[in-house]
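Heavy-atom basis, side chains included; hydrogens, waters and symmetry copies ignored. Lettering follows sequence order; numbering is per chain, from 1.
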There are 4 protein chains.
Amino acid sequence: MAFPRDPKVLFVVSPSMGIPIYQQLVDQIKRMVASGQLAGGAPLPSVREVAVTLAINPMTVSKAYSLLETQGVLSRRRGMGMVVSQDATGTQAIRDRLALLRPTLERAAEEAAQLHIDHGAAIALFEKVLKGKR
Amino acid sequence: MAFPRDPKVLFVVSPSMGIPIYQQLVDQIKRMVASGQLAGGAPLPSVREVAVTLAINPMTVSKAYSLLETQGVLSRRRGMGMVVSQDATGTQAIRDRLALLRPTLERAAEEAAQLHIDHGAAIALFEKVLKGKR
Amino acid sequence: MAFPRDPKVLFVVSPSMGIPIYQQLVDQIKRMVASGQLAGGAPLPSVREVAVTLAINPMTVSKAYSLLETQGVLSRRRGMGMVVSQDATGTQAIRDRLALLRPTLERAAEEAAQLHIDHGAAIALFEKVLKGKR
Amino acid sequence: MAFPRDPKVLFVVSPSMGIPIYQQLVDQIKRMVASGQLAGGAPLPSVREVAVTLAINPMTVSKAYSLLETQGVLSRRRGMGMVVSQDATGTQAIRDRLALLRPTLERAAEEAAQLHIDHGAAIALFEKVLKGKR
DNA sequence: GTGGTCTAGACCACT
DNA sequence: GTGGTCTAGACCACA
């Protein structure tokens, strides 16, 4: 049990949703890194563990991890599985949390424009939704 | 009291984008109905016409129209083309423009929460993005 | 006004239903002949009149009349429009009302079999539906 | 506890008949779900398999499956094929076998009324037809 | 003229 | 392996 502490990381996926499972994992891990929930060097649960827990295909988890490795967010520690990169350029880029939020807001702005919803109404709705979140 | 001839309805699609063409058409028509640009009873350009104009396959257009028909947004006038449903429940649901915008904003709120971005910062970013739209 | 009495015949069609309009007209007229509501020699409303009343295309009415003429149910009286055939073989065949009802019941029996509904339950449901009709 | 492998599900279609092939498939699968022959979670033969077996185009099969998915009868397991929805509202509605039979019987009752056929005669004919089915 | 159906075959995304 | 998307082109039914 000399492993680097129990990685109490939990992922959630919604199968049969529009977004691919591997993509949901990638986004989720990025957000956890950005918010500091996953610090540099922190270990990630093994591919097999995630696969069993979420009842998904191991290859799907592997694809997510590989993608994040390519992007420099995760590193492969031989014999120890994946860990969050210490301060690689990849991780650096993710630290800008606003940048991660922007794409979705841009899509919302696009939709608002096409629906002829003015800025005030759109912002009001966003505020309402944010408050409803908790 | 003649019918609004020459349906000057124009669609735009971005091929080679991630979103399927038929889906782009579906979303676009829904927004046009929602914004009142396409009123109840308004005729839609024929499948062939759209296909030629956008240089896509008629079946792709047909698929979009069929989907909208099952959703109650469009009605088929046998041998006479498609028209926007008069006041079907489907169309009704679409009339609420804010409701159409909400899902995306909810996703944004969800992401903001996971990123530990506070409400003020999120709203500020949304305002910035909205202004950037034009 | 020397026309053979006002043909108080009324047709009903449900547009945007599965069954073609001309077919609905054909079936309806056959049933009216079978039940005696339209006796031999009785005049039918003109193509134009039916088309205007039901707000459908005259060609559709014409197609129904022509089909019935081919089948010997109607006859074309020059200058007088269509009338029910006096006792042509076509009309004769229609006089068997049960035969007209049979196809639909056969389809029902087919469906009941595929649904594994036994005869007793199917008949019980039919009785219930018949009583509900009035 | 292994999944019910070898889905011995067989479909039959009559090409060159009036009813579209995809519609025949849809109806057939609905009846199989209704009669319990296809339980919730049961896997369906792959699009390609059905296409080869019935010697029809994969897209035709795909269209049937897609329709049943939008109706909530089937679910897509990403990359793993289609299965019968566990207990979706769509499936639920189908479980009532009598309800599936009713529309046809109502049409028959309607026709009987228009033909002035009394209830007794109509039921007698239905019994006769049912017996003739086997 | 309208939309609907089907085919044959290619390519892509997900697991 | 799975289903999804799109194409090009043919034929049919309806009004």
Side-chain angles (χ1 to χ4, degrees), chain A residues 13 15-25 51 54-64, chain B residues 13 15-25 43-51 54-66 68-69 74-83, chain C residues 13 15-25 51 54-64, chain D residues 13 15-25 43-51 54-66 68-69 74-83:
Chain A
V13 292
S16 79
M17 243 280 283
I19 305 146
I21 297 177
Y22 80 88
Q23 189 62 258
Q24 295 182 41
L25 285 175
L54 301 182
I56 59 179
N57 195 310
M59 285 188 61
T60 307
V61 184
S62 187
K63 180 170 181 178
Chain B
V13 291
S16 79
M17 244 279 280
I19 304 145
I21 297 177
Y22 80 87
Q23 188 62 262
Q24 295 182 41
L25 285 175
L44 276 85
S46 80
V47 167
R48 289 166 176 83
E49 190 181 339
V50 176
L54 301 182
I56 58 179
N57 191 294
M59 276 200 66
T60 306
V61 184
S62 186
K63 182 170 183 177
Y65 279 10
S66 297
L68 287 164
E69 191 195 6
L74 300 185
S75 298
R76 232 170 56 223
R77 289 270 180 277
R78 304 183 73 121
M80 305 188 59
M82 312 287 290
V83 299
Chain C
V13 291
S16 79
M17 244 281 282
I19 305 147
I21 297 177
Y22 81 88
Q23 188 64 258
Q24 295 182 42
L25 286 176
L54 301 182
I56 59 179
N57 195 309
M59 285 187 60
T60 307
V61 184
S62 187
K63 180 170 182 179
Chain D
V13 292
S16 79
M17 244 279 282
I19 304 145
I21 297 177
Y22 80 88
Q23 189 60 261
Q24 295 182 43
L25 285 175
L44 275 86
S46 81
V47 167
R48 290 165 176 83
E49 189 182 339
V50 175
L54 300 183
I56 58 178
N57 192 294
M59 276 200 67
T60 306
V61 184
S62 186
K63 182 169 183 178
Y65 279 11
S66 298
L68 287 164
E69 191 195 6
L74 300 185
S75 296
R76 231 171 56 223
R77 290 270 180 273
R78 305 183 71 122
M80 306 188 57
M82 312 287 289
V83 299

**OP:** Whole angstrom is fine here: how far is it from CG in B:L44 over to P in E:dG3?
**Re:** 9 Å
**OP:** Measure from the side-chain heavy atoms of D:P20 and tell me the nearest of E:dT15, E:dC6, F:dA15.
**Re:** E:dC6
Subject >> Residue mapping more 5' on DNA chain F - nearest nucleotide basis, D:E69 or D:G79 >> reply: D:G79
Original post:
Picking from E:dG3, E:dT7, F:dA15, which would you name as closest to the side chain of C:N57?
Top reply: F:dA15
Subject >> Interatomic distance, B:Y65 atom OH to B:M82 atom CE [nearest 0.5 angstrom] >> reply: 7.5 Å
Subject >> Pair assignment for E:dG1, Watson-Crick or G-U wobble, requiring both distances under 3.5 Å >> reply: F:dC14
Original post:
Between atom CD in A:Q23 and atom P in E:dT15, what is the gap in whole Å?
Top reply: 10 Å
**OP:** Ignoring backbone atoms, establish whether D:Y22 has a side-chain N or O less than 4.0 Å from OP1 or OP2 of E:dT5.
**Re:** yes
**OP:** Measure the distance from CD1 on C:I19 to C1' on F:dA15 and round it to the nearest whole Å.
**Re:** 17 Å
Original post:
In Watson-Crick or G-U wobble terms, both distances under 3.5 Å, what is the partner of F:dC6?
Top reply: E:dG9
**OP:** Would you indicate what D:K63 reaches in the nucleic acid, counting non-hydrogen atoms under 4.0 angstrom: base, sugar-phosphate, or nothing?
**Re:** sugar-phosphate
**OP:** Please determine, for the side chain of B:M59, which listed nucleotide (E:dG3, E:dC14, F:dT7) has the closest atom?
**Re:** F:dT7
Original post:
So what does B:I56 hit on the nucleic acid, given a heavy-atom distance under 4.0 Å: a base, only sugar-phosphate, or nothing?
Top reply: sugar-phosphate
Original post:
Among E:dG4, E:dT7, F:dC6, which is the nearest nucleotide to the side chain of B:S66?
Top reply: E:dG4
Subject >> Pairwise side-chain contact, C:L54 with C:T60, heavy-atom cut-off 4.5 Å (strictly under) >> reply: no
Original post:
Under 3.5 Å, is there a donor-acceptor pair between the side chain of B:S62 and the main chain of B:P58?
Top reply: no
Original post:
When you measure from the side chain of D:M80, which nucleotide among E:dT7, E:dT15, F:dT7 comes out closest?
Top reply: E:dT15
Subject >> side-chain N/O D:S62 vs F:dG4 OP1/OP2, d < 4.0 Å >> reply: yes
**OP:** Among D:I21, D:V50, D:L44, find the one that has a side-chain contact (heavy atoms from CB on, under 4.5 Å) with D:V61.
**Re:** D:V50
Original post:
Does a nitrogen or oxygen in the side chain of B:R77 sit under 4.0 Å from OP1 or OP2 of E:dG3?
Top reply: no
Original post:
Ignoring hydrogens and angles, does a donor from either the side chain of D:R48 or the base of F:dG3 sit under 3.5 Å from an acceptor on the other?
Top reply: yes
Original post:
Where do D:M59 and D:N57 come nearest, in terms of heavy atoms and distance?
Top reply: N-OD1, 2.7 Å
**OP:** Calculate the interatomic distance between B:I21 atom CD1 and E:dC12 atom C1'; express it in whole Å.
**Re:** 13 Å
Original post:
Of B:V47 and D:P58, whose closest DNA chain E nucleotide lies nearer the 5' terminus?
Top reply: B:V47
Original post:
Counting side-chain heavy atoms from CB outward, which of E:dT7, F:dG3, F:dG4 is closest to D:S46?
Top reply: F:dG3
Original post:
Rounded to whole angstroms, how far apart are CG on D:L25 and C1' on E:dT5?
Top reply: 13 Å
Original post:
Quick one: which of F:dG4, F:dT5, E:dT7 gets closest to the side chain of D:T60?
Top reply: E:dT7
**OP:** Rounded to the nearest angstrom, tell me the gap between atom CE in B:M82 and atom C1' in F:dC14.
**Re:** 15 Å
Original post:
Given E:dG3, E:dT15, F:dC6, which nucleotide is nearest the side-chain atoms of B:Y65?
Top reply: E:dG3
**OP:** State which of E:dT7, F:dT5, F:dC14 makes the closest approach to the side chain of B:R78.
**Re:** F:dC14
**OP:** Answer yes or no: is there a side-chain heavy-atom contact under 4.5 Å between D:R78 and A:P20?
**Re:** yes
